[in-house]
Structure formats: C-alpha cells, structure tokens
There are 2 protein chains.
Amino acid sequence: MPTPERTSLDEIVSAAARLLETGGVAAVTMQAVAQDVGVKAPSLYKRVRDRETLLGLVGGAAADDLTARLEAASGIEDQLLVFRRFAHERPEAFRLLFTATVDADKLAATSAPVLRATSATVGADHALDAARLLTAWATGFVTMELAGAFRLGGDLDDAYDYGIAHLVGSLVSD
Amino acid sequence: MPTPERTSLDEIVSAAARLLETGGVAAVTMQAVAQDVGVKAPSLYKRVRDRETLLGLVGGAAADDLTARLEAASGIEDQLLVFRRFAHERPEAFRLLFTATVDADKLAATSAPVLRATSATVGADHALDAARLLTAWATGFVTMELAGAFRLGGDLDDAYDYGIAHLVGSLVSD
DNA sequence: ACCTGAACACCGTTCAAGT
DNA sequence: ACCTGAACACCGTTCAAGT
C-alpha cells in the first residue's frame with residue numbers, strides 16, 4: 001500500500017537553510033531538519049544521501065540566490081555592493097559557498113553576470129582576468145570582515161567603497 | 001598524591017593541527033587528539049575549555065605561522081606568493097583562519113608585515129587601504145581556488161601573477 | 001512506496017573515584 | 001594534582017517492520 005509523500009527535497013533544503021542562518025551550521029541537524037518538515041530523521045535519507053550532501057544542496061541554493069541578485073544588479077559597482085549585502089544578510093550561507101561541497105557549476109555560474117559586466121567595460125580579452133580580480137577581492141573582503149580580521153580601525157563601508165573605486169579605476173585605465 | 005603531567009597544551013594543539021591537515025576538521029576529535037598525546041579524552045578538559053576553543057587555538061597557531069612567513073618575505077610580491085604557498089601547504093589550517101573563532105589579535109597580526117611593505121611603497125597615508133586591498137584579494141583568490149570556484153579555464157598560477165602585477169601596479173600609480 | 005522504531009557506532013562533555 | 005571509567009545526552013546512519 002503506497003504512502004503519500006509527506007515532504008519534498010525542496011522543503012528539506014529550505015528547512016536546512018533556515019536552520020543554518022538561525023543557529024549556524026551546527027544547528028542543521030538531520031533531526032532538526034526532519035522535525036521542521038514533519039517527519040522523522042531516517043525518512044530524510046529517502047531524498048538525500050547524507051548530511052554533507054544536504055549542506056552542499058543548501059550551498060547550491062545559496063549560489064542560485066546570489067547569482068539571481070547579481071543578474072538583477074546594474075553595473076560592476078552595483079554588483080559588488082549586492083555581493084556584500086548578500087553576505088551580510090546570509091552570512092552562514094555565504095560561508096557555506098566555500099566550505100561545503102557545492103556543485104561547481106552553480107558556484108561558477110555566480111561569476112557569469114560579473115563576467116558580462118567586466119566584458120562591457122574592459123573588453124572580452126581581459127574580461128575573465130578582471131572578473132576574477134573583482135570577485136576574489138570581494139570574497140576576501142567579506143570573508144575577512146565576517147571573521148573579524150579587520151581590526152585596525154576605520155569604517156568598513158568606506159573601506160569597501162575605496163576598494164571598489166580603486167579596482168574599477170585600475171581596470172578602466174588599462 | 002600529585003600526578004606528573006602527561007601532556008601539555010602545546011602538544012595538544014600540535015596533535016590537533018596534525019589531525020586537521022591529515023583528515024580535515026571532522027578528524028580532529030577529542031578522542032583522536034587524546035590518543036595522539038597519550039591520554040584519555042576527559043583529560044583534555046584540564047587544558048582546554050572545549051573542542052571549539054581547541055580549534056581556535058589551532059587557528060591561532062596557524063596565524064602565527066603565517067605571520068612569521070610573511071615577516072621573512074621581502075617585498076609585496078613575495079609576501080603574496082608566500083601567502084598562497086601557505087594556503088596550499090596547509091589548506092585546512094588556512095580555512096580555519098576564517099572559520100574558527102581565532103584570537104582576533106593573532107589574526108590582525110597577520111596584516112602587520114603587509115602593512116609595513118605597503119607603507120614603504122605607497123606611503124603611510126594609504127598603507128592601510130593598500131594592505132586591506134591586497135590581503136582581501138589574496139584571501140579571496142585562495143579561498144575560491146581551494147573551493148574549486150575558478151572553473152573557467154586558464155592557469156591559476158598565471159592568474160595569480162596577473163593579479164599581483166595589476167594590483168601592485170595600480171598602487172604605485174596612485 | 002514511503003515512513004518509523006529500534007539499534008549501532010560514535011561524538012562531546014561531566015564527574016566521582018582513583019593514584 | 002592530574003588522570004580515568006562510567007555515564008549522559010546527542011549525533012548520523014542503517015534496516016527490518018509497519019501501513
């Protein structure tokens with residue numbers, strides 16, 4: 001006798017993402033996720049191989065979210081601001097992007113809108129180098145910021161603006 | 001009747017660091033650390049509050065290691081190469097730097113040698129901005145590299161060299 | 001076909017008891 | 001003063017048994 005499905009993979013990933021942002025990665029327990037979707041822990045294994053791949057799926061969904069935001073931004077400067085805003089809104093998900101085993105294609109897709117923007121201002125030949133320069137800088141800035149590595153005073157908003165102006169300026173003058 | 005100490009905090013942190021690089025953060029178990037230093041797990045709590053602070057201490061030691069290497073480097077370009085080499089040699093420790101709760105001072109001390117180098121080439125006024133620009137970029141580049149986020153081809157060694165040349169060049173022309 | 005209870009191996013951590 | 005065995009609560013994961 002078939003039993004109706006009581007949850008779905010999407011529901012599970014969403015619940016995990018919610019738990020992640022609420023209590024950090026340690027809070028996304030198979031038991032907590034199961035409870036949130038109204039099921040017992042063993043049932044999760046019908047839809048997900050194990051906890052590690054579940055975290056990878058959460059990271060993948062976060063990458064999709066970030067990519068969509070970057071696509072909606074207009075211009076390089078705006079993209080860089082959107083990037084940092086994402087990290088502030090969803091710091092745990094942001095960390096997961098580089099911590100969990102996220103689908104490499106989803107992670108790479110994040111760079112596509114940036115690549116388009118740099119291509120427009122620096123030419124196709126240097127678009128990849130420029131995009132890597134910008135995304136690496138923004139990723140590092142936010143990573144260090146979230147880790148509390150910037151201790152030497154000064155407003156971080158200003159520091160970020162300074163970096164944007166400097167980097168974009170250095171690209172144009174090539 | 002007093003019992004002689006059978007281990008030390010240093011030994012514990014070293015064992016944890018070794019386990020970390022061998023099997024990732026999941027492998028640094030209180031039991032595994034205890035076994036490596038010749039003691040039972042409960043004894044570790046005489047020297048360390050809990051696992052989280054132990055990981056923080058490992059991160060702090062890694063920060064010291066990195067700082068020493070950066071101090072020994074000569075010039076900005078060399079520092080940036082040393083930075084990436086460190087991340088390749090000790091990828092798990094590198095991740096821990098921004099993942100565990102590392103002593104903020106030790107983390108900040110990492111920037112001191114970079115700050116000295118930028119001060120020499122860009123002047124004291126812009127030394128902090130320049131140092132942040134460089135460390136943020138290098139951190140992000142390596143983080144993305146380790147996460148496999150650079151999928152769009154091209155040699156990463158060359159890409160790193162390109163970034164160094166571009167960034168240092170942009171600083172000098174200020 | 002999906003779900004669950006029970007079980008297993010393995011964690012981190014506490015604490016009374018040993019020496 | 002340090003160390004340990006035993007215990008506790010809590011994990012991830014498997015699987016036979018239910019419906």
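As the structure is a computational prediction, the values presented were derived from the model and not from experiment.
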From C-beta outward on B:Met30, which listed nucleotide comes closest to its side chain: C:dT13, D:dT13, C:dT4? C:dT13

Can any side-chain N or O of B:Arg6 pair as donor or acceptor with the backbone N or O of B:Val37 at less than 3.5 Å? no

Looking at B:Arg69 and B:Glu89, is any side-chain nitrogen of the basic one under 4.0 Å from a carboxylate oxygen of the acidic one? yes

Rounded to whole angstrom units, what separation is found between the CG atom of B:Leu19 and the C1' atom of C:dG12? 16 Å

Looking only at the side chain of A:Tyr45 (C-beta and beyond, no hydrogens), which of the listed nucleotides D:dA6, D:dG12, D:dC2 gets closest? D:dG12

N-O pairing of B:Arg116 and B:Glu71 below 4.0 Å: yes

Gap between atoms CD and C1', on B:Gln35 and D:dC3 respectively (whole Å): 16 Å

Rounded to whole Å, CD of A:Gln31 lies from P of D:dC11 at a distance of 5 Å

Taking the side chain of A:Val39 as its heavy atoms from C-beta onward, which of C:dA6, D:dC3, C:dC3 lies nearest to it? C:dC3

Picking from C:dC15, D:dC11, D:dC2, the nucleotide nearest the side-chain atoms of B:Glu5 would be D:dC2

Take the protein atom NZ of B:Lys40 and the nucleotide atom P of C:dG18, then report the distance between them rounded to whole Å. 18 Å

Does C:dG12 pair with anything, Watson-Crick or G-U wobble, both distances under 3.5 Å, and if so, with which nucleotide? D:dC8

Looking at A:Arg49, I'd like to know whether one of its side-chain N or O atoms comes within less than 4.0 Å of OP1 or OP2 on D:dT13. no

Out of C:dT4, D:dC11, C:dT13, minimum distance to the side chain of A:Thr29 belongs to D:dC11

Any side-chain N or O of A:Ser43 less than 4.0 Å from the OP1 or OP2 oxygen of C:dT4? yes

CD of B:Glu52 versus P of C:dC11: gap in Å, rounded? 19 Å

Would you call A:Arg84 and A:Asp157 a salt bridge, using N to O less than 4.0 angstrom? yes

Distance, rounded to the nearest Å, where B:Lys46 contributes NZ and D:dC3 contributes P: 8 Å

Measure CG/A:Leu44 against P/C:dA1 and give the value in whole Å, please. 20 Å

A:Arg47 has its side chain closest, among D:dT4, D:dG12, C:dC3, to C:dC3

Watson-Crick/G-U partner (both atom distances under 3.5 Å) of D:dG18: C:dC2

Looking at A:Arg6, I'd like to know whether one of its side-chain N or O atoms comes within less than 4.0 Å of OP1 or OP2 on C:dC2. no

Check whether any side-chain N or O of A:Arg132 sits under 3.5 Å from a backbone N or O of B:Phe141 as a donor-acceptor pair, and report yes or no. no

